[in-house]
Amino acid sequence: MPPPLGDDDSCLLTPLIPASPPPLPPRATARLHPLPLLVGALFATYYHLLVAPAPSYYQSLFLSLGCNDTAAAHLRALTVRPHLAGTEANALAADHVVSTLSSLSFPTRVTPYEVLLSYPVRRSLSLSAPGHATTTFALVQDTYPGDPYAAASAEVVPTFLAYAASGSAAAEVVYANYGRTEDYAYLASRGVNVTGKVALARYGKVYRGDIVINARDAGAAAAVIFTDAKDYTPGKAFPDGPWMPATGVQVGSTFKGVGDPTTPMWASSEGCERVSIAEAMATDDMPGIPALPVSGRDGEEILRLVGGDVAPEDWQGGEGAPVYHLGPGPAVLNLSYTGNETIATIQNVISVIEGKEEPDRYVILGNHRDAWTFGAADPNSGTAALLELAERLSKLQTKGWRPRRTIILCNWDAEEYGLIGSTEWVEENRAMLTSRTVAYLNVDVGVSGSGVDASATPQLDQLLKQASKKVQNPDNGTESLYDMWMASDSSLIGRLGGGGSDYSAFVQHIGIPSVDMAIGSGYAVYHSLYDDFTWMEKYGDPMFRRHVAVASIWGLVALRLSDEEILPFNYSSYVTELENGAVDINKRVLGMPVSLSPLHKSIKQLNRAVLKVDSELQALQTWKFWSPWRNDRLRVRDLNDRLMMTERAFTEREGLSGRPWYKHMIYGPSLYNDYGAEVYPGVDDAIQTAKKTSTSESWQSVQHEIHRIARVISQAALVLSGGLT
């Protein structure tokens, strides 16, 4: 457990960033000759410019200090035991983070929350069919001979889907492919009735919570999700290769909401208002039916006994798999699940490196700590990188470095259940964060293989590319990380509209410029027993150079945001993004009574504001070079505030229609896939509804949503330009 907070609750209110010192008492003024003051000011200016190290010096020094042994040691320590949120093992992992950061002399504290978590109590699943003996599935992930974590595996929570409804179902099986809405539409078109049946779907295309909720909405009595070898075992399985073993099971949450389910829209602080557990479990964001995950081997065994029409080619399995049929039946699944939804304590770890010139401006780095099992890739490759990065920053301090702006290091808890730790912290500190945060930099699965996977709000695109050119390619010392990135399958910068990690509350709820970074994009043993240190050491990052590389780009971006006098934001990419989104909308509403002219007008306004800011930046840089003593600090501060606050203007108080927690009008998750990112999510929701109903009122709703996004873009243009109407 973390160090006790003591009996005096006043310690809970002690600020991590000390308040400004009290003003000195007034004293008599004396007339001073201006010449010594001028000489002193000139000396101080030129000392700062010519003697004090420039930010680029410390950036280069930071990159030179990377240590793969340090990253490996932290990862090994963090993954000794499975550490699910709310367990003693996860509290011990928090201890490791606290002790590491505290040893670096960074003020560090634990911020706890009481939240609703979900654990399995009983599970059973059996298969029967006419002429076949009943098969009872073990629902166990097997260890392998010589597995160094075999003993610790006994602590792994049994395979389950968090927040699935307790209950039983015995019914014929219907195969639903990936469990998407279009898959259920196809079944309906083929006359396959899902009502009262057990829906069998495979992982791979949409969030598991959407898979179960789509089954519920189609009328299914229960759902089973399997890990198809076609998608997760195309090569040798672990430990002989990196792919998912036959008994491997992907576990996870099915909650579609964000944060503590008992405190929707507000923080789960001590003594707060709560809805009851029964009320929380009854919302549409919960699956509402029993559900279980199973292995690829079990999934294939079920499908061997499913009859009916043969499924389409793109619904089939891989080589050696049985022919998949749609059903229903004659296979019957008897599923029973009992869960324990309970209020448990989670622990965020918060550490602060106070800024020198602008301590009231925050650059926040975040990663979560909790894992479904051992969590070597997800998430503790990111945690190890965060701690290795922190050790480098501590070494910079011994060389005289102190950030211009405050850097905050955050290690979140209960991310796996629904981004709970980060969301509660953002909700509790919303006013401070919205007024002071420059950017949030997230790393979740820091390392899972080769290649670079990066997403960002567009004003940070250029900074990400520039930073990647300074970091060495961990797989090829003659190249940069940028070269690896451009050669990978994910060479484009993604957007942060999906609900996949802890950036969600920062971007989608309060409008903070953000980044999400990783080396590798997707891995087969995700959320299974086999995501352990051995897998990482053999396949994910044998030399731990990739851990150093992700820490390097993460830290370099943070240093540039914290140390450079003028924030390195570029909003021109945002204009391009908005224009591309408008083109997409136009294609989808052709021939309908919808006008995009308000949207086009607002984008032009934003483009003019971008050009104005670009000219201001150029002028400031010119003045700084030729006349550094004439640089107007207030003018720089004003420009930085506008660059920082423009992202906030893309939010609207009422939020998305029907999804009020999501305030960002430009980026949000797809209504039917929580992992999927949408540009203009409110418009996307309205178009999907209009195409289903085909009423004049539904198309008027589309027009209304277009006006809403046009208004926030116009607001962003005003903020960026710094003017009033």
Side-chain angles (χ1 to χ4, degrees), residues 123-130 137 161 163-228 231 254-256 282-294 298-317 321-337 670-674 688-689 691-693:
R123 316 153 301 138
S124 66
L125 184 69
S126 62
L127 170 69
S128 61
F137 295 106
L161 295 174
Y163 303 110
S166 295
S168 300
E172 292 178 320
V173 178
V174 170
Y175 172 51
N177 195 22
Y178 290 107
R180 300 165 295 185
T181 54
E182 57 263 41
D183 295 326
Y184 285 103
Y186 176 79
L187 288 172
S189 74
R190 295 290 299 270
V192 178
N193 185 6
V194 182
T195 302
K197 305 298 191 291
V198 175
L200 175 67
R202 54 184 175 177
Y203 280 113
K205 299 297 183 183
V206 297
Y207 170 58
R208 75 188 70 78
D210 288 296
I211 295 175
V212 181
I213 288 172
N214 291 341
R216 176 199 72 193
D217 292 346
V224 173
I225 312 176
F226 74 102
T227 305
D228 197 338
D231 298 312
T254 56
F255 176 45
K256 278 262 299 181
T283 67
D284 284 342
D285 286 332
M286 293 295 183
I289 58 174
L292 285 173
V294 299
D298 292 349
E300 286 191 0
E301 187 164 352
I302 296 167
L303 282 161
R304 282 191 181 93
L305 300 185
V306 175
D309 293 340
V310 174
E313 182 62 31
D314 59 350
W315 287 43
Q316 294 296 325
V323 176
Y324 294 177
H325 291 74
L326 300 178
V332 171
L333 280 175
N334 190 332
L335 181 154
S336 180
Y337 174 74
S670 165
L671 188 60
Y672 299 104
N673 176 18
D674 198 57
Q688 292 198 52
T689 300
K691 288 191 172 182
K692 285 181 181 178
T693 60

Between [X] and [Y], what is the shortest heavy-atom contact and its length?
| X | Y | answer |
| --- | --- | --- |
| Pro312 | Tyr186 | CG-OH, 3.3 Å |
| Ala164 | Pro287 | CA-CG, 3.7 Å |
| Pro290 | Ala221 | CD-O, 3.4 Å |
| Ala291 | Leu335 | N-CD2, 4.4 Å |
| Ala331 | Ile302 | CB-O, 4.3 Å |
| Ala129 | Leu305 | CB-CD1, 4.0 Å |

_Walk me through whether Asp231 and Tyr203 qualify under side chain to side chain contact (heavy atoms under 4.5 Å, CB included)._
CA-CA 8 Å; Asp231 298 312; Tyr203 280 113; over 6 Å; no
Got a second to check how far [X]'s [atom1] is from [Y]'s [atom2], nearest 0.5 Å?
| X | Y | atom1 | atom2 | result |
| --- | --- | --- | --- | --- |
| Leu161 | Leu292 | CG | CG | 6.5 Å |
| Thr689 | Leu671 | OG1 | CG | 7.0 Å |
| Ile213 | Thr254 | CD1 | OG1 | 7.0 Å |
| Arg216 | Ile211 | CZ | CD1 | 14.0 Å |
| Leu125 | Ser336 | CG | OG | 10.0 Å |
| Thr693 | Gln688 | OG1 | CD | 12.0 Å |

*Should Thr283 and Asp285 be marked as a side chain to side chain donor-acceptor pair (under 3.5 Å) after you check the CA-CA gap, both sets of side-chain angles, and the distance that decides it?*
CA-CA 5 Å; Thr283 67; Asp285 286 332; 4.9 Å; no
How about [X] and [Y]: do any of their side-chain heavy atoms sit closer than 4.5 Å?
| X | Y | value |
| --- | --- | --- |
| Ser168 | Tyr337 | no |
| Lys197 | Val192 | no |
| Leu187 | Val194 | yes |
| Val173 | Val332 | no |
| His325 | Asp309 | no |
| Glu300 | Pro322 | yes |
| Val198 | Val174 | no |
| Asp228 | Tyr324 | yes |

Where the side chain of [X] meets the backbone of [Y], is there a donor-acceptor pair that is under 3.5 Å apart?
| X | Y | result |
| --- | --- | --- |
| Asp183 | Arg180 | yes |
| Asp298 | Val294 | no |
| Gln316 | Ala311 | yes |
| Asn177 | Gly179 | no |

*Just checking, Arg202 and Tyr178: is the charged tip under 6.0 Å from the six-membered ring centre and within 45° of the axis?*
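Flagged: Arg202 positioned over aromatic ring of Tyr178.
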*Kindly assign one of parallel, tilted or perpendicular to the pair Tyr175 and Phe226, based on the angle between their ring planes and the thresholds 30° and 60°.*
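Judged by the thresholds at 30° and 60°, the geometry between Tyr175 and Phe226 is tilted.
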